[in-house]
Amino acid sequence: MNYLDTLNNKQKEAVLNCNGPLLVIAGAGTGKTKLLIYRILHLIKQGVAPENILAVTFTNKAAKEMNERLSKLLEYEASEISPRTGENRRPFMSTFHALGVHILRSHSSQVGRTRFFSILDHEDALSKIKRAMKEAGVSKDQFEPRKILGRISREKGKGSTVSSFIANANGFFEETVAGVWKHYEKILVDSNAFDFDDLLLETVKILRNNELVRESYQKRWSHIHVDEYQDTNPVQYSMIKLLSSDSQNICVVGDIDQSIYSWRGADFTNIFTFEEDFTNTKTVILEQNYRSTETILLAANKVIEKNINRKEKNLFTDNGLGEKITLYNALDAGDEARFIASEIITLLQQGVSPESMAVLYRANFQSRALEESFLRNNVPYQVLGVKFFERKEIKDLLSYIKFALNDKDFESLTRIINTPKRGIGKATIAKIAAGQKDTLNAGTTKKVNDFYKKIETIKNIIKTSKTSEIIKSTLDISGLTSDLKQQKEEGLERLENLSELVTLSQKYDHLTGEEGILTLIEEASLVADQDNLKEKSGGVKLMTVHASKGLEFDTVFITGLEQGLFPHNAGNFSDESKDDEEERRLFYVAITRAKKQLFMSYAQIRTIFGKEQINMPSEFLNDIPTELLKTDEKSDDTGYKYLLDF
């Protein structure tokens with residue numbers, strides 16, 4: 001079968017539109033990933049060199065899926081396109097941050113770094129903010145470090161630099177942030193480090209300020225694709241606009257109805273401005289859903305149609321009407337959790353696999369009652385967000401390698417110089433940081449020198465060894481292996497995790513020398529919650545609605561549908577209508593994760609901050625037509641009842 005014959009008419013229209021700006025409004029479950037990879041395949045079959053194609057998305061999981069699916073397609077079509085698909089002639093598919101790292105590694109000197117720069121996680125960035133506050137004379141009692149870091153992060157996401165922010169600072173808080181930011185920026189440069197936001201902002205600086213560099217990437221990537229376009233922030237929009245301004249061959253795929261990340265800087269109006277910034281834009285709207293039943297889609301359409309800031313569309317499907325949506329009125333959070341556990345047990349007994357089910361909640365605190373009930377009833381589950389790369393032993397090991405590559409990485413030095421314990425205290429570390437090693441006594445000097453000899457050995461191994469061998473050697477040289485072996489059961493569990501890191505690192509062994517270990521560290525630094533979701537872990541998935549974006553499950557439970565919880569209160573938004581619309585979009589996302597069955601629940605009483613609250617059902621429930629819901633009251637031996645009572 002011709003690959004184009006597997007597409008519906010709207011998908012085919014987008015795939016065949018090879019040149020010029022293309023905006024695809026892709027509703028939930030409408031096959032946007034298929035569209036993207038088939039469009040890339042079509043471009044290659046039309047003669048575009050694979051290495052001239054760029055595809056950018058938001059998570060490693062999404063980028064990996066696109067890569068794997070495209071590889072299978074290219075292999076299937078190899079007879080026609082094999083001369084163009086050698087090992088080094090592949091489309092460049094990555095996340096925005098990984099794209100930034102790729103460009104920064106090649107041009108780091110232009111922004112005051114070396115190619116071995118460190119990428120700070122949130123914990124490291126917060127540590128440097130505290131140091132910057134101290135240098136700026138700002139008390140932690142007066143201002144919360146996380147709040148200052150959050151403000152700097154939001155400003156960087158808008159494209160602001162420290163100098164532009166200082167010039168426009170208005171009021172005491174902004175002036176305080178400006179002063180801290182100035183010191184923070186110097187600390188980053190001195191540490192040869194970038195935080196997550198810098199990976200985008202500094203890349204845009206290079207592309208904007210260096211015409212030769214910009215033109216080289218414009219020439220390299222003549223055809224650009226952007227997934228989840230509604231989630232781009234201003235600096236990401238600038239990056240894509242700079243890269244595509246010459247050829248104008250840019251395809252963006254997004255859906256305003258699934259824009260749920262304004263709190264981290266995403267701006268869905270980029271979809272509206274796209275048609276203004278790129279003249280002669282072709283717009284295609286995908287409405288045929290391949291995921292959910294008709295009942296689920298009817299509910300989703302009714303919920304989202306109330307929003308004003310959107311491009312109108314109505315999802316439809318050929319999947320059939322399906323089961324009605326179950327609504328449960330719980331007495332309290334415990335009752336709600338018991339009901340969900342009971343329903344899951346019934347489904348498991350019917351042969352439904354646990355990994356095909358998910359329980360979604362608006363706030364993380366809701367997972368506690370659910371976990372307690374699942375444990376009590378022996379329901380297997382996995383909580384999304386427990387990150388492999390955030391485990392202490394993994395961060396310790398990688399910090400040895402990061403410091404060997406970048407001896408200005410003070411956070412890594414602080415973490416490892418006394419791990420395992422070497423009798424090196426904080427005062428000694430402070431003297432080392434201040435360049436006062438010569439003031440140490442003889443005993444301490446020997447301990448410090450022994451540590452640096454280990455680092456030098458690791459540094460030499462990095463230059464000549466495969467990635468997995470670097471990990472194994474660092475484990476032994478650092479002393480982590482022998483130390484953990486002495487810690488009995490807990491230590492052995494940590495060693496098992498480090499053993500898993502060795503296994504994981506083997507996939508980078510084909511890269512030479514430093515490139516393999518740099519790639520491993522980069523991916524470890526940029527890993528997202530979904531990247532840690534083991535699809536075959538054998539458990540029901542528990543996660544926030546935000547974390548569920550991009551995922552799908554046969555059966556979905558949406559919990560806590562109470563006014564004030566879901567939708568959340570307006571909070572810090574200055575424009576309440578905007579907040580209301582985002583909450584509605586979030587509910588729409590939750591509904592459209594379900595393929596076959598959807599359960600919704602709310603509690604009449606819920607304890608929050610130690611205080612019992614009597615709740616009204618969520619206003620969103622009023623938007624779902626009653627004929628789509630199970631309204632018959634039913635009870636069983638457990639006392640559970642399905643009620644329509646709002």
Side-chain angles (χ1 to χ4, degrees), residues 56 96-115 117-122 124-133 135-138 143 145-214 217 232-243 245 261-267 269-270 273 277 408 525-526:
V56 191
F96 272 99
H97 288 88
L99 174 61
V101 171
H102 176 80
I103 293 173
L104 288 171
R105 292 273 185 222
S106 300
H107 308 282
S108 54
S109 61
Q110 295 188 27
V111 284
R113 313 295 199 279
T114 74
R115 67 187 298 267
F117 58 78
S118 297
I119 302 171
L120 305 183
D121 61 17
H122 185 76
D124 292 336
L126 191 62
S127 174
K128 290 190 185 300
I129 281 291
K130 291 174 182 176
R131 184 173 151 199
M133 289 173 66
E135 292 181 5
V138 177
F143 290 101
R146 290 181 188 276
K147 188 174 181 181
I148 291 180
L149 178 59
R151 180 58 185 273
I152 292 173
S153 176
R154 286 194 297 277
E155 291 298 326
K156 286 184 176 182
K158 294 176 186 175
S160 302
T161 62
V162 61
S163 56
S164 65
F165 186 77
I166 289 172
N168 296 293
N170 183 23
F172 182 61
F173 178 67
E174 287 194 357
E175 289 171 359
T176 301
V177 171
V180 173
W181 191 351
K182 186 176 180 180
H183 286 275
Y184 177 60
E185 202 69 20
K186 184 178 185 304
I187 291 170
L188 289 175
V189 173
D190 291 345
S191 302
N192 190 32
F194 292 118
D195 62 24
F196 280 178
D197 301 298
D198 289 329
L199 299 179
L200 305 175
L201 181 60
E202 298 298 330
T203 300
V204 167
K205 281 185 189 176
I206 291 172
L207 294 173
R208 183 175 287 144
N209 299 333
N210 192 312
E211 185 178 355
L212 289 176
V213 172
R214 182 173 67 253
Y217 285 110
T232 54
N233 63 20
V235 76
Q236 287 164 331
Y237 183 70
S238 296
M239 183 191 298
I240 291 303
K241 192 175 177 184
L242 286 163
L243 289 171
S245 60
Y261 296 117
S262 68
W263 49 274
R264 70 182 188 194
D267 186 357
T269 62
N270 286 342
T273 56
D277 290 343
K408 295 180 180 178
S525 300
L526 303 181

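The closest side-chain heavy-atom distance from Gln236 to Asn270 is not below 4.5 Å. Side-chain contact between Val101 and Phe194 is absent, with no heavy atoms from C-beta onward closer than 4.5 Å. No side-chain heavy atom of Asp267 sits under 4.5 Å from any side-chain heavy atom of Tyr237. You'll find the side chain of Thr203 stays beyond 4.5 Å of the side chain of Leu99, heavy atoms only. For the pair Arg105/Phe117, a side-chain contact is recorded, criterion being any heavy-atom separation below 4.5 Å from C-beta on. Residues Ile152 and Ile148 have side chains in contact (heavy-atom distance under 4.5 Å, counting atoms from C-beta outward).
Relative ring orientation between His107 and Tyr217 is described as perpendicular, the plane-to-plane angle rising above 60° on a 0-90° scale split at 30° and 60°. Ring orientation note: the planes of Phe143 and Phe173 are tilted relative to one another, at an angle of 30° to 60°.
Rounding to the nearest 0.5 Å places CD1 of Ile187 at 4.0 Å from CD of Glu135. Atom OG1 of Thr232 is separated from atom CE of Met239 by 11.0 Å, given to the nearest 0.5 angstrom. Atoms CG and CG, on Asp197 and Asn233 in that order, are 8.0 Å from each other to the nearest 0.5 Å. Rounded to the nearest 0.5 angstrom, Leu199 CG and His102 NE2 are separated by 14.0 Å. The distance from atom CD1 of Ile129 to atom CZ of Arg146, rounded to the nearest 0.5 Å, is 11.5 Å.
Residues Asn210 and Val213 share a closest heavy-atom pair of OD1-N, 3.0 Å. Closest non-hydrogen pair, Phe196 versus Ser525, comes out as CZ-O, 2.8 Å. Pairing each heavy atom of Asp198 with each of Leu104, the nearest pair is O-CD1, 4.2 Å.
Of the charged side-chain nitrogens involved, none lies within less than 4.0 Å of a carboxylate oxygen, so that Lys128 and Asp195 do not count as a salt-bridged pair. Checked for salt-bridge contact, Asp190 and Lys408 miss the test: no charged N lies under 4.0 Å from a carboxylate O.
Side-chain atoms of Ser164 never come within 3.5 Å of backbone atoms of Ser160 as a donor-acceptor pair (strictly under, hydrogens ignored). For the pair Arg113 (side chain) and Ala193 (backbone), a donor-acceptor distance under 3.5 Å is present. At least one donor-acceptor pair closer than 3.5 Å links the side chain of Ser238 to the backbone N or O of Pro234.
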